[in-house]
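Throughout, a chain's letter reflects where its sequence line sits, starting with A, and its residues are numbered from 1.
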Number of protein chains: 2
Amino acid sequence: MEAYQNLSRAQLEALKARLEQDLAGYRARGLSLNMARGKPSAEQLDLSMEMLDVVNSKSDCHAEDGADCRNYCDIYGIPEAIRLFAAYMGVEEDEIVICGQSSLQLLYDALCRAMLQGVLGSDKPWGKYEHPKFICPVPGYDKHFGFCKFVGLEMIPVPLRADGPDMDLVEKLVAGDESIKGMWCMPKFSNPFGACYSDEVIYRLARMQCAAKDFRLFWDNAYSYHVIYKDHPVLNMLDVCKEVGNPDRVFLFGSTSKITMAGSGVTFIAASRANTEFIKKQYAVQTVGWDKMNMLRHVRYLKSMDNIKELMKKHAAILRPRFDAVLGTFDRELTGLGVGDWTRPDGGFFVTYMAMPGCAKRIVQLCADTGVTLTNAGATHPGGVDPEDSYIRIAPTYPPLEELKAAMEVFCVAVKLASVEKLLAA
Amino acid sequence: MEAYQNLSRAQLEALKARLEQDLAGYRARGLSLNMARGKPSAEQLDLSMEMLDVVNSKSDCHAEDGADCRNYCDIYGIPEAIRLFAAYMGVEEDEIVICGQSSLQLLYDALCRAMLQGVLGSDKPWGKYEHPKFICPVPGYDKHFGFCKFVGLEMIPVPLRADGPDMDLVEKLVAGDESIKGMWCMPKFSNPFGACYSDEVIYRLARMQCAAKDFRLFWDNAYSYHVIYKDHPVLNMLDVCKEVGNPDRVFLFGSTSKITMAGSGVTFIAASRANTEFIKKQYAVQTVGWDKMNMLRHVRYLKSMDNIKELMKKHAAILRPRFDAVLGTFDRELTGLGVGDWTRPDGGFFVTYMAMPGCAKRIVQLCADTGVTLTNAGATHPGGVDPEDSYIRIAPTYPPLEELKAAMEVFCVAVKLASVEKLLAA
């Protein structure tokens, strides 16, 4: 295919007319397709229906330690859940707390505590600094950015690359500003970029000199076992932090939201023993415990790490055709046109499309006008503003395959049309 | 019985020796009884075991509006849960949000939001005031006080009476200090005092002039249908606030923790339409939704307000003998001795014992030494300090009846011994 940049004005005009006609054709089909959020598909949720049977009216609802899971008690998690999810996170059993149903809430809540109370080693709550700041690798996850704004953390964007954040910049920033208190990290198959942090990036994050002695990496490992094509093992950050003598630098977050049922999972926060002790003391104030019945349900259903890995293979089998459809359509429709680039993630939940600068909003708008709802352009950047207006998050997991294919066709036409418009306006 | 105050020194010495012997006798029995927290008994939890069957692997997991409860979506609650719990709270369906599993977390979280973001009508987050303050009726709930301290709210204690807080004092305080941002209220069968707010108190709370235009009553209605002996209807605070022209003054909190399963309930926050809209916008940032499967489970099991009321009668039938045992033992053992007084709640979860001043800690200690764990003396007061050292919270709900009777016998001996020691030391 010839790059659009090489086309004459007349050729572009003709192309524009044809693309507009194509979109009108799709519009006439009255599509209503939503790819805005990274929701698992119904087929994925069906995988874990048996979990709903393992705790029933005939069940013994006591945990291994004799605690009645129906009642208040055991606020840091039941022993069998601690054991299973410590293995999942690669930490010791006294380095983890099992929490409620949403890891986003867990992250948000950890930020609130840091703002109002501080973390282990804080001289004062982060909220008592005039301008507390957080480093945000970009493109990143809109909910993370929303949390920062909500609790009052200024965001410092840092470019994310395929192997992790720009470490030269990160090291410079954290060394020079005591009010930079932490950083978002999605170390594996990051939302939405699919980045997997390299060993070098991980060691530099663990080792870097931070002006703030209470600096924390918020390690949101949402996709640690969520391979679609090929695994990219990422180092265990707690081990690395211990090895380099900064054991308290990292909070690790995980959940079963994308293993069992997205809305009814179990979540966990893991950290060094000292951090965990500190967090437990805070939790003892703020809660009388999370849903232990749901922990019991999860442990009796998931049973072991081997089982979890088998289950994740079934998820991959459902997701692979969806990602094939997205990437295949892009390859077929957009290769060589000079209208943008896209990621080829080996796991996670997203593909990122990088449009010709200045085109992302227009593409999302054209899709919306044609019945295809995408994540807002800009959502990948702090404050919802992508200065290049280029990044678009594609969430292929939720729609049925046929709908997804239709949506991707619309998307490709929208990309072409927005690009032609841009070139004509230049 | 003769009041201890009328006994001679020699009589007191003899009594002391006998009481010490009695306690030693109990100690020899190796008791291990825990009455520290207001936990439902296993019999109460057994009442709702069928709830574990109503959602299973064969179930349709869609809500009335078609939402798949297993997935992310519907962050303010599924329609059938909104309908049922709006009826429970006595509010309209657009005046409530259905949330997670713990109402304590819901309260804590609402305080965090107010501190970091403010509430509807705030000029700035409460945390940006130099000394933001909260009014705490005393005796009250230790977790409430813990939240205040944790998030950085100074506590202003106000005496609680059988019909509610000392309103002369409350009115004076809130009128004169813009940094007083809110107040804990447990309007019915309060923890631990069993107070039920009178109509007059409620109207005065709704009407009072507050210097802070963003003042909020945190209305923790944990025991609204939790009658043991006799109902004490309490006015609907949202209705009253609307009637007097202050519709946004109150946040109402409720949960099923003491209806179904304490550790795995469903919670709700209700408020005026304007407040609710504001809260929903905040929730849209902080969460992708709570556990809708558990909402489904609750609605399919509880079905209607009539069913809930029938279930609460079964709870009452289980609790009545326990409260009978406590109050009966006090009547038999302590009446006329001048060693304290106690509440006679008609509902809720607690009895409060008011010991001779300066005796509460000693009583709790004597009980602990004899294998009976009580809530810490002082827990009923902000900062854990009861200046009179008099209040002790008794939680009769959890222990089996026979254990409870034994614990109450120990308690009465401890009360007598501590009182005799006090009189001898005077």
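Side-chain contact between A:Cys61 and B:Leu52 is present, with heavy atoms from C-beta onward closer than 4.5 Å. Here the side chains of B:Leu104 and A:Thr287 are not in contact, with every heavy-atom distance at 4.5 Å or above. B:Cys112 has its side chain within reach of A:Leu116: a pair of non-hydrogen atoms, C-beta onward, lies under 4.5 Å apart. By the 4.5 Å heavy-atom criterion applied to side chains, B:Asp109 and A:Tyr108 are counted as neighbours.
For B:Ala42, the parts sitting under 4.5 Å from any heavy atom of chain A are the backbone and the side chain alike. The contact between A:Ser59 and chain B is made entirely by backbone atoms, counting heavy-atom distances below 4.5 Å. No part of B:Gln44 comes within reach of chain A, as not one of its non-hydrogen atoms sits under 4.5 angstrom from that chain. Residue B:Gln105 touches chain A through both its backbone and its side chain, counting heavy-atom pairs closer than 4.5 Å. With a threshold of 4.5 angstrom between heavy atoms, B:Asn71 approaches chain A through its backbone and through its side chain. Heavy-atom distances place the side chain of A:Asp68, and not its backbone, under 4.5 Å from chain B. Proximity to chain B (any heavy atom under 4.5 Å) is shown, for A:Arg37, by neither the backbone nor the side chain.
In terms of heavy atoms, A:Ser102 sits closest to B:Gly289 at CB-O, 4.4 Å. B:Tyr72 and A:Ala262 make their closest contact through CE2-O, 3.3 Å (heavy atoms, listed as atom of the first residue, atom of the second, distance). For the residue pair A:Val285 and B:Phe147, the shortest heavy atom distance occurs at O-CE2, 3.1 Å.
Of all the listed residues (B:Met49, B:Gln286, B:Lys149), the one sharing the greatest number of non-hydrogen pairs under 4.5 Å with chain A is B:Gln286. Here A:Gln282 is the residue among A:Gln282, A:Lys292, A:Glu50, A:Met115 with the most heavy-atom pairs under 4.5 Å with chain B.
Counting non-hydrogen atoms of other residues, nucleotides and ligands closer than 6.0 Å to NZ of A:Lys281 gives a total of 12 or fewer. Taking a 6.0 Å sphere around NZ of B:Lys124, one finds it holds more than 12 heavy atoms contributed by other residues, nucleotides or ligands. Enclosure of atom CZ in B:Phe268 by more than 12 non-hydrogen atoms of other residues, nucleotides or ligands within 6.0 angstrom is indicated. Under a cut-off of 6.0 angstrom, the local environment of OH in A:Tyr223 is crowded, with over 12 non-hydrogen atoms contributed by other residues, nucleotides or ligands. Within a 6.0 Å radius of NZ in A:Lys314, no more than 12 heavy atoms belonging to other residues, nucleotides or ligands are found. More than 12 heavy atoms of other residues, nucleotides or ligands lie within 6.0 Å of NZ in A:Lys280, so this atom counts as buried by the packing criterion. Counting heavy-atom neighbours within 6.0 Å of A:Lys143 NZ, excluding the residue itself, gives a total above 12.
Between the OG atom in B:Ser264 and the CZ atom in A:Arg297 there is a gap of 7.0 Å [rounded to 0.5 Å]. How far CZ of A:Phe150 is from CZ of B:Arg113: 6.5 Å, rounded to the nearest 0.5 Å. Atom-to-atom distance recorded for B:Gln101:CD and A:Met293:CE is 12.0 Å, nearest 0.5 angstrom.
Panel note: side chain B:Asp53, backbone A:Ser57; a donor-acceptor pair is recorded below 3.5 Å.
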Fill in: side chain to side chain contact (heavy atoms under 4.5 Å, CB included) between A:Asn56 and B:Asn56, worked out
CA-CA 8 Å; A:Asn56 60 51; B:Asn56 60 50; over 6 Å; no
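Using a 4.0 Å cut-off between charged nitrogen and carboxylate oxygen, B:Asp46 and A:Arg70 count as a salt-bridge pair.
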